[in-house]
Trainee: 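Once you've had a glance at the structure underneath, I'll fire off some questions.
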2 protein chains.
Amino acid sequence: MKVGLDKKKIIEAAADMADKKGIANVTLKVLAEELGIKPPSLYKHFSGGLEELNKELMLYGWRSLESEITRAAIGKAKDDAIIAICYAYRNFVAKHKGLFEAMQWYNMYQSEEHLKATEGTVSILFQVLEAYGLSEEQKVHIVRMLRGFLQGFVSIESHGGYGNPTPLNDTFDFALKTILNGIRDLQGETEQ
Amino acid sequence: MKVGLDKKKIIEAAADMADKKGIANVTLKVLAEELGIKPPSLYKHFSGGLEELNKELMLYGWRSLESEITRAAIGKAKDDAIIAICYAYRNFVAKHKGLFEAMQWYNMYQSEEHLKATEGTVSILFQVLEAYGLSEEQKVHIVRMLRGFLQGFVSIESHGGYGNPTPLNDTFDFALKTILNGIRDLQGETEQ
DNA sequence: CTACAATAGCTAATGTGATTAGCTAAAACA
DNA sequence: TGTTTTAGCTAATCACATTAGCTATTGTAG
């Protein structure tokens, strides 16, 4: 006994397990087993039980994604930065399918907390968009479109929902190019 | 007894309940209650239990969406048709939040079945794209981008994930315009 | 070094929902 | 009318989450 666990270790184990077996298979029973303790002991770390664990998992996921994205954007600007960020997002999800499920799945319950969680990621996109000289509203549209496309594309991709053999990389590049063109068009409007 | 239920009625009740209380709250217990029967009786209609019910819910959702989309596209072509389809998709989800959760949530488990379910919706998009004289591959890119954007945008929107007060309609229109421009650019490439 | 406070872990018990087994009566049909 | 089918039921089981209450380790004040 006294295995020496803490919230962080437990969340990381849960995230790992989610990536391997899917979030739906992360149960307190099996998680406790993995950690070498009994299910009730988990309540010493998460008094809110499974619900709280899932929430923490969601927050952990968004924090991790944010840091990946930040790293990816370092030293880049404008289109290069956006492309790097989008690829970082996509790669993150490819590596963390289960965690991404938690990030999404949890939507269904919370909303306040979820907004805060995504805040970081969203603000990075806004920062990058500063360089284009767009209006606030224009930036909002771009960020929303990017978020929507990224979440949907990556979600469908990770579930094998795109059946056609055409390489997904090509589609991803095409979509990014299309969105970047959209930004250019907005700049045109603004500069007139 | 002999209430006279069948698969269809049960699925519709479940879909309704999902829209009202969220898919996670559609339990066999509560569904049976709603239908005036006992939980075990549901197994007479869904021998696979909750799992099968969820699958049927997913299929029902995609069939419904397909028919909405089809109706929306009647008598329209090109950009008008695409815009109508996208709005139909978005409106469908606004009216059927819970069912949409089922359509998505179920991804996590199946894949074969999900592919077939979305087939109908995808093929409508392909049909509409016929009018633009694009290559097969170009059509694939457009359809994938549209699907990705729609699913992501609408999913974030329906969970209240877009915090900014800027009207979501404006963003939706902007995004559609951007994608339609993308189609125009591809036409340019092809026609050269 | 010792007493004691805090706490991470445990066992036992409870609760909720899904599921299975087996019964029964209504409905359908020869 | 007699027989078969079947939708529904009750009782029982299972799986997992959760709660209550105990215990031993840890860490800390004196």
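Quick caveat: nothing in here was measured; it's all calculated off a predicted structure. Numbers restart at 1 for each chain; the letters A, B, ... are given by sequence-line order, proteins then strands. The figures here come from the full heavy-atom set of this structure, side chains too, leaving out hydrogens, waters and symmetry mates.
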Trainee: Looking at B:Gly61 and B:Phe92, what are the two nearest heavy atoms and their distance?
Mentor: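 Result for this residue pair: O-CZ, 3.8 Å.
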Trainee: On DNA chain D, does the nearest nucleotide to B:Ile10 precede the nearest nucleotide to A:Gly49 from the 5' side, or the other way round? Give the residue.
Mentor: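 The answer here is B:Ile10.
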Trainee: Round to a whole Å and report the spacing from CG of A:Leu35 to C1' of C:dC10.
Mentor: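 Going from CG in A:Leu35 over to C1' in C:dC10 covers 15 Å.
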Trainee: A:Lys44 has an atom NZ; how far is it from atom P of C:dA6, in whole Å?
Mentor: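 The distance from NZ of A:Lys44 to P of C:dA6 comes to 14 Å, rounded to the nearest Å.
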Trainee: Go through B:Tyr89 and B:Leu146 one step at a time and tell me if the side chain to side chain contact (heavy atoms under 4.5 Å, CB included) criterion holds.
Mentor: CA-CA 11 Å; B:Tyr89 186 119; B:Leu146 273 170; over 6 Å; no
Trainee: Would you kindly give the CG-to-C1' distance between A:Leu42 and D:dT19, to the nearest whole Å?
Mentor: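 Atom-to-atom, A:Leu42 to D:dT19, this comes out as 14 Å.
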Trainee: Once you round it to whole Å, what is the distance between P of D:dA17 and CD of A:Glu52?
Mentor: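 Value for this atom pair: 15 Å.
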Trainee: Report the distance from atom CG of B:Asp6 to atom P of C:dA27, rounded to the nearest whole Å.
Mentor: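 Checked: the CG to P distance equals 15 Å.
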Trainee: Calculate the interatomic distance between A:Leu5 atom CG and D:dT26 atom P; express it in whole Å.
Mentor: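 About 14 Å, once rounded to whole Å.
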Trainee: Identify all pairs in which a protein N or O lies below 3.5 Å from an N or O of nucleotides 11-17 of chain C, and state each distance.
Mentor:
| unit_1 | atom_1 | unit_2 | atom_2 | d |
| --- | --- | --- | --- | --- |
| C:dG17 | OP2 | B:Lys29 | NZ | 3.4 |

Trainee: Please report the distance, rounded to the nearest Å, between NZ in B:Lys7 and P in D:dG8.
Mentor: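 In whole Å, D:dG8 P and B:Lys7 NZ are 14 Å from each other.
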Trainee: Do A:Val122 and A:Leu115 share a hydrophobic cluster (ILVMFWY, side-chain heavy atoms under 4.5 Å, transitive)?
Mentor: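 They do not share one cluster, since no chain of ILVMFWY contacts under 4.5 Å joins A:Val122 to A:Leu115.
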Trainee: Can you run down the salt bridge (Lys or Arg N to Asp or Glu O under 4.0 Å) pairs that involve residues 65-84 of chain B, sequence neighbours left out, and say none if there aren't any?
Mentor: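 Output for this query lists B:Asp79-B:Arg184.
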Trainee: Are any of B:His45's side-chain N or O atoms less than 4.0 Å away from OP1 or OP2 of D:dT6?
Mentor: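 For D:dT6, OP1/OP2 do not have a side-chain N/O of B:His45 under 4.0 Å.
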Trainee: As a test of reading the structure: which of D:dT19, C:dA8, C:dT20 is closest to the side chain of A:Tyr43, going by heavy atoms?
Mentor: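 Nearest nucleotide to the side chain: D:dT19.
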Trainee: Using atom CD of B:Glu51 as one end and atom C1' of D:dA15 as the other, report the distance to the nearest whole Å.
Mentor: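 From B:Glu51 CD to D:dA15 C1': 15 Å.
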Trainee: Which one, C:dT19, C:dC23, D:dG21, comes nearest to the side chain of B:Pro39?
Mentor: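 So the side chain of B:Pro39 is nearest to C:dT19.
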Trainee: So is B:Arg90 actually on top of B:Phe153's ring, under 6.0 Å and inside 45° of the axis?
Mentor: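 No - B:Arg90 does not lie over the ring of B:Phe153 by the 6.0 Å and 45° rule.
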Trainee: Are the side chains of B:Thr171 and B:Tyr162 in touch, meaning some heavy atoms are under 4.5 Å apart?
Mentor: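 With C-beta onward as the side chain, the pair stays apart.
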Trainee: Which value, rounded to the nearest 0.5 Å, describes the distance between A:Thr178 atom OG1 and B:Asp185 atom CG?
Mentor: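 Rounded to the nearest 0.5 Å, the OG1-CG separation comes out at 7.0 Å.
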